[in-house]
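Position 1 is the first residue of the sequence; numbering continues from there. Just so we're clear, the structure is a prediction, and the values are computed from it rather than from any experiment.
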Amino acid sequence: MAKKKELDTELNLISFISLLSVLICALLLTAVWVQIGSMNVKQAVGGQAASGSSKKTPSAWAQLAPDGSVQFILKDIPRKAKALDNRRIKGIEGEIDMDSIEAYIEALKSAVPGLKTILIQPKAETIYDKIIRLMDGFKKGGFVDLGIVPL
């Protein structure tokens, strides 16, 4: 005759509790990193109520290429600033030429004082560092309504 197996077994919960404590610590650290690494970007265009009497505000689109060149397209701007429209600033050895962009930003601010909205349109291959550097340049120039256009 075969012996019956005993059904009363002891569970070792120490290893399970240790695993849970490590996972809770990882969850807490991740929550802190997500809060620190987040950026407050509000919707720059399209969040306004639709009304027929609203005046169009000027905006600038900065198309960022992976080679560091930036193409500026201006929308709803006065005629005196048309010379600044469709300007391309070439990159230097694959990096953004921040000196030329800062000079362009100053000229843009003086020509179009009502300009507050800047939309950055990167290509799919663009490195995030270039996008952040371009955003920092616009913030340093005094523009606060920045947005990133989806690909």
key: Rounded distance (nearest 0.5 Å) linking atom CG of Asp97 with atom CD of Glu102   = 9.5 Å

Backbone N/O of Ala26 and side chain of Thr30: donor-acceptor pair under 3.5 Å = yes

remark   = Residues passing the salt bridge (charged side-chain N to carboxylate O under 4.0 Å, His left out) test with Arg133, sequence neighbours excluded, are Glu95

task = State, yes or no, whether a side-chain contact exists between Leu115 and Ile77 at a heavy-atom distance under 4.5 Å.
result = no

Contact check, side chains of Leu64 and Gln121, non-hydrogen atoms, under 4.5 Å = no

ask   = Going by the ring pair (Phe, Tyr, Trp, His ring centres under 6.0 Å) test, which pairs reach into residues 57-105, not counting sequence neighbours?
value = Phe72-Tyr104

For the student: nearest non-hydrogen atoms of Val144 and Lys139, plus distance = O-NZ, 4.5 Å

ask   = What pairs with Ala107 under side chain to side chain contact (heavy atoms under 4.5 Å, CB included), at least two apart in sequence or on another chain?
value = Leu84

task = Kindly write out the residues that satisfy side chain to side chain contact (heavy atoms under 4.5 Å, CB included) with Asp76, not counting sequence neighbours, or none if the list is empty.
result = Lys56

query = Got a donor-acceptor contact below 3.5 angstrom from the Asp85 side chain to the Ile73 backbone?
reply = no

ask   = Can you tell me how far OG1 of Thr117 sits from CZ of Phe143, rounded to the nearest 0.5 angstrom?
value = 9.5 Å

message = Taking the side chain as everything from C-beta on, heavy atoms only, tell me whether Ile120 gets closer than 4.5 Å to Val149.
response = no

message = Given Gln71, which partner from the list Arg88, Gln63, Arg87 fulfils the side chain to side chain donor-acceptor pair (under 3.5 Å) test?
response = Arg88

query = What distance separates Ile118 CD1 from Ser59 OG, expressed to the nearest 0.5 Å?
reply = 8.0 Å

remark   = Rounding to 0.5 Å, atoms CG (Asp67) and CD1 (Ile92) come to a distance of 12.0 Å

note = Between the NZ atom in Lys75 and the CG atom in Leu119, the distance rounded to the nearest 0.5 Å is 8.5 Å

query = So how far is it from Ser100 OG to Ile105 CD1, rounded to the nearest 0.5 Å?
reply = 11.0 Å

Those residues that, when tested against Glu125, pass side chain to side chain contact (heavy atoms under 4.5 Å, CB included) (two or more places apart) = Pro66, Lys123

task = List for me each residue that meets side chain to side chain contact (heavy atoms under 4.5 Å, CB included) alongside Asn12, sequence neighbours excluded, and say none if there are none.
result = Ile14

query = Under the 3.5 angstrom rule, does the side chain of Lys130 hit a backbone N or O of Gly94 as a donor-acceptor pair?
reply = yes

query = Is there side-chain contact between Leu74 and Leu108, with heavy atoms separated by less than 4.5 Å?
reply = yes

